[in-house]
Visitor: 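One structure, as structure tokens, below. Some questions next.
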Amino acid sequence: MSNTIKATNKDAIKSIEIPDGKIADFITGNWVKETEQEQVRQNFERTLVEEYEYPSSDIKVDFAIKIWEGDKQKTKKGQLVVLKSGTEEPLVLVLIASPKANPTDKKNGATELEQWLVDVSSAEYGCWTNGIETVYFQKRKAKFETDVFPVNDFPRFGEDASSIYTTDRRRLRVATGNNLLYAFKRCHDYIHANQGGSKEQIFWEFLKLLFAKIEDESNAGRPRFAIRSAEERNTSDGHKEVKLRVEDLFKQVRKKNEFSGLFDAQTDGLLFNPETISYIVAQLEKYDFIHSSVDVKGVAYETIVGPTLEGTKGEFFTPRNVVKMTVKMLDPNPGDRIYDPACGTGGFIVIGFNYISEKLRQKHKVTWKNPNKPTEEEEKVLFDEIHESGYNIFGTDFNANLVKAAQMNMIMNNDGRGGLFAENGLKDPSTWNSEEARKKIQLGSMDFVMANPPFGAKIKIDSNEILEHYDLAHKWSKTSDNKWQQETNLKNALEPEVLFVERCIKLLKPGTGKCGIVLPDSILSNPGYAYVRYWILQNCQVLASVDLPVETFLPRTGTQTSVLILRRKSDQEKLMESMSGQMATYDIFMASPKTVGKDRRGGFIYRKDNQGKEIVTREMYKPFAESTILDFMPVVETTGRIVDDELPLVANEFLKFKTKLKNE
């Protein structure tokens, strides 16, 4: 058996020497001092361009504004100012505060911004933000006085004051950067400060509101998950109106068959008080969950799910770049049956579903009148096909709460087909409690299995009811010709990752089914697992082995891991090899990426040239921002810094490797 090793050299990208402690400003391109406060400004600059769609030419950094202090007028720098189109007159004033600041602070607080609005005659809107908390104001001039009051937002480019409140679905916008993440955090902090309750209870009540939000986006007509007026935002009677609408949405959710049982353990209504619900609606109403990217939604959702549900039994999130690499290497197509037997919160199935959905989008968009924006009818045709593909995606986990979290994760990504079940993926599927699961998930029926199973000596499986169904749960002995043979007696206990290897393979369609699985390196190298490696080679063609850096799962765990890409052999292949006495030879793609974009503490690391200088290529940001999950590029920040992650390169090299083998 020959090995083909693909190098993971970085692309040749022009490097620029970065002044110490500086980053490139998103709007101007000038070098600015890198501080926490500056990072807040850079994110908001991106928001103004990508979410609010203001032209960069209308956005000014450190713009001079005239402010009154007592009886003297002074010139101050407005950190960010949006000008009225084609003029030098401010429309929106943005006060950027440090992440540790509060809107109630005397200096650089929201009160100071309100004064700016009064003093700058042309300004109509103000925004105070510290990156996590954001406060909006509108100004109205009367004959003898100027009124500044809190509002939900300020208009996007080309909109007027009527768009401040979400009364039209066209107002919804795709979330960018960390904005949805920060919105979730604001909700989380507000709930804990004003509502109370256990950590788990708060999570499920928040989940109800997310379901209501998705339900609202799925309907036509005027948005109901919305703040429709200043009265609804600022008065107790208005808060009650908002709660009634959201409760009505949640009642619709509970009636749907695909959500049957999901909220059985929860109360029928919403436990949060009207003020809390109104606050959450105000934070989330503007975002288009269905069309926002899988990464933006996934990172936001994990910040809520993680602290609540993440356990100590090997249940931790698989890094998104590892999942994307695995999915791209497997390259599933619409209609393929995909399954994760230990799905956790749904990382693999969500990315797999989005990968397929994007393939469908690319197919449909060539027929659209406007390739960049489908009509409602065109998008409905696309979504119908996407939803249909969702019927072929499945997941199980023995933790019922994780399954519910995974279902929400799928629904946030425009799916609600109900292919997720609270079942033990190691048990014989024919013995599962759910009749629907037994029908849909059977051994030998899957085109793709993707998994990062729980592993570790502390969680061994010792149930004979499970062990008796596995070849690898039996004792094995070495033969005189250095092969292995299975004995009749069972082991007393076995690590779950060994059982999951066999289960994943036996779930695949013989001859064509493929598996991507994350495994501890002990399976691939320890002498005690030699029989496992023998079994894998007997039953599979090893398509690829990717040795992941130790930083991959740090700081959670330092376990060294690899990703194996396997194809299940057909019975005929195994018979031919048995008759010939030797396995067929083939090439294996192998890679040892050195970086995964972060250090041991979880902090980002960036690409550097041979002299150790950081590579800055601002022109790469736009292609990254416009890329899809099919592209899987390294993250490029607005400043032009490139996260040093070699996993996208590994995935691309593997696809080239496959193409080369086909052509030989």
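Computed over heavy atoms, backbone and side chain alike; hydrogens, waters and symmetry mates excluded. Numbers here are sequence positions counted from 1.
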Visitor: Mind telling me whether Phe203 and Tyr301 have parallel, tilted or perpendicular rings, with 30° and 60° as the class edges?
Guide: tilted
Visitor: Output all residues satisfying ring pair (Phe, Tyr, Trp, His ring centres under 6.0 Å) with Tyr125, sequence neighbours left out; order by chain, then residue number.
Guide: none
Visitor: Using the test side chain to side chain contact (heavy atoms under 4.5 Å, CB included), find all partners of Glu51 that sit at least two apart in sequence or belong to another chain.
Guide: Thr47, Arg173, Ala175, Thr176, Asn179, Tyr287
Visitor: Whether the Gln283 and Arg186 side chains hold a donor-acceptor pair (N or O, under 3.5 Å, no angle test) is what I'd like checked.
Guide: yes
Visitor: For Lys363, which residues count as a salt bridge (Lys or Arg N to Asp or Glu O under 4.0 Å) partner, sequence neighbours excluded?
Guide: Glu385
Visitor: Report all side-chain donor-acceptor pairs from residues 369-376 shorter than 3.5 Å, counting only partners two or more places apart or in another chain.
Guide:
| residue | atom | partner | partner atom | Å |
| --- | --- | --- | --- | --- |
| Asn370 | OD1 | Asn372 | N | 3.0 |
| Thr375 | OG1 | Glu378 | N | 3.1 |
| Thr375 | OG1 | Glu378 | OE1 | 3.4 |

Visitor: Do Asn652 and Lys328 get their side chains close enough for a donor-acceptor pair, meaning under 3.5 Å?
Guide: yes
Visitor: Using a strict 4.0 Å threshold on nitrogen-to-oxygen distance, state whether Arg156 and Glu159 make a salt bridge.
Guide: yes
Visitor: Of all residues at least two apart in sequence or in a different chain, which pass the side chain to side chain contact (heavy atoms under 4.5 Å, CB included) check with Val151?
Guide: Tyr136, Gln138, Phe149, Ile164, Tyr165
Visitor: Can you sort out the partners of Thr129 under side-chain hydrogen bond (donor to acceptor under 3.5 Å, both in side chains), two or more places apart, ordered by chain and number?
Guide: Thr134
Visitor: Please identify each residue that fulfils salt bridge (Lys or Arg N to Asp or Glu O under 4.0 Å) with Glu133, with sequence neighbours left out.
Guide: none
Visitor: Do NZ/NE/NH1/NH2 and the carboxylate oxygens of Asp295 and Lys324 come within less than 4.0 Å?
Guide: yes
Visitor: Between Phe26 and Tyr621, is the gap from one ring center to the other below 6.0 Å?
Guide: yes
Visitor: List in chain and number order the residues that pass ring pair (Phe, Tyr, Trp, His ring centres under 6.0 Å) with Tyr182, two or more places apart in sequence or in another chain; answer none if no residue qualifies.
Guide: none
Visitor: Do Thr28 side-chain atoms and Asp25 backbone N/O form a donor-acceptor pair below 3.5 Å?
Guide: no
Visitor: Got a salt bridge between Lys514 and Asp447, using NZ or NE/NH1/NH2 to carboxylate O under 4.0 Å?
Guide: no
Visitor: Would you call the rings of Phe154 and Tyr52 parallel, tilted or perpendicular if under 30° counts as parallel and over 60° as perpendicular?
Guide: parallel
Visitor: Residues two or more places apart in sequence or in another chain: which of them pass side chain to side chain contact (heavy atoms under 4.5 Å, CB included) with His291?
Guide: Val174, Asp288, Arg361, Glu379, Phe383
Visitor: Give me each pair satisfying ring pair (Phe, Tyr, Trp, His ring centres under 6.0 Å) with a member in residues 337-372, each pair once, sequence neighbours excluded.
Guide: none
Visitor: Would Glu637 and Tyr606 count as having a side-chain donor-acceptor pair, cut-off 3.5 Å?
Guide: yes
Visitor: Tell me, please, which residues at least two apart from Pro555 pass side chain to side chain contact (heavy atoms under 4.5 Å, CB included).
Guide: none
Visitor: Would you call Lys185-Asp189 a salt bridge at under 4.0 Å N-O?
Guide: no
Visitor: Please list, chain by chain and in numerical order, all residues satisfying salt bridge (Lys or Arg N to Asp or Glu O under 4.0 Å) with Lys359, sequence neighbours excluded.
Guide: Asp331
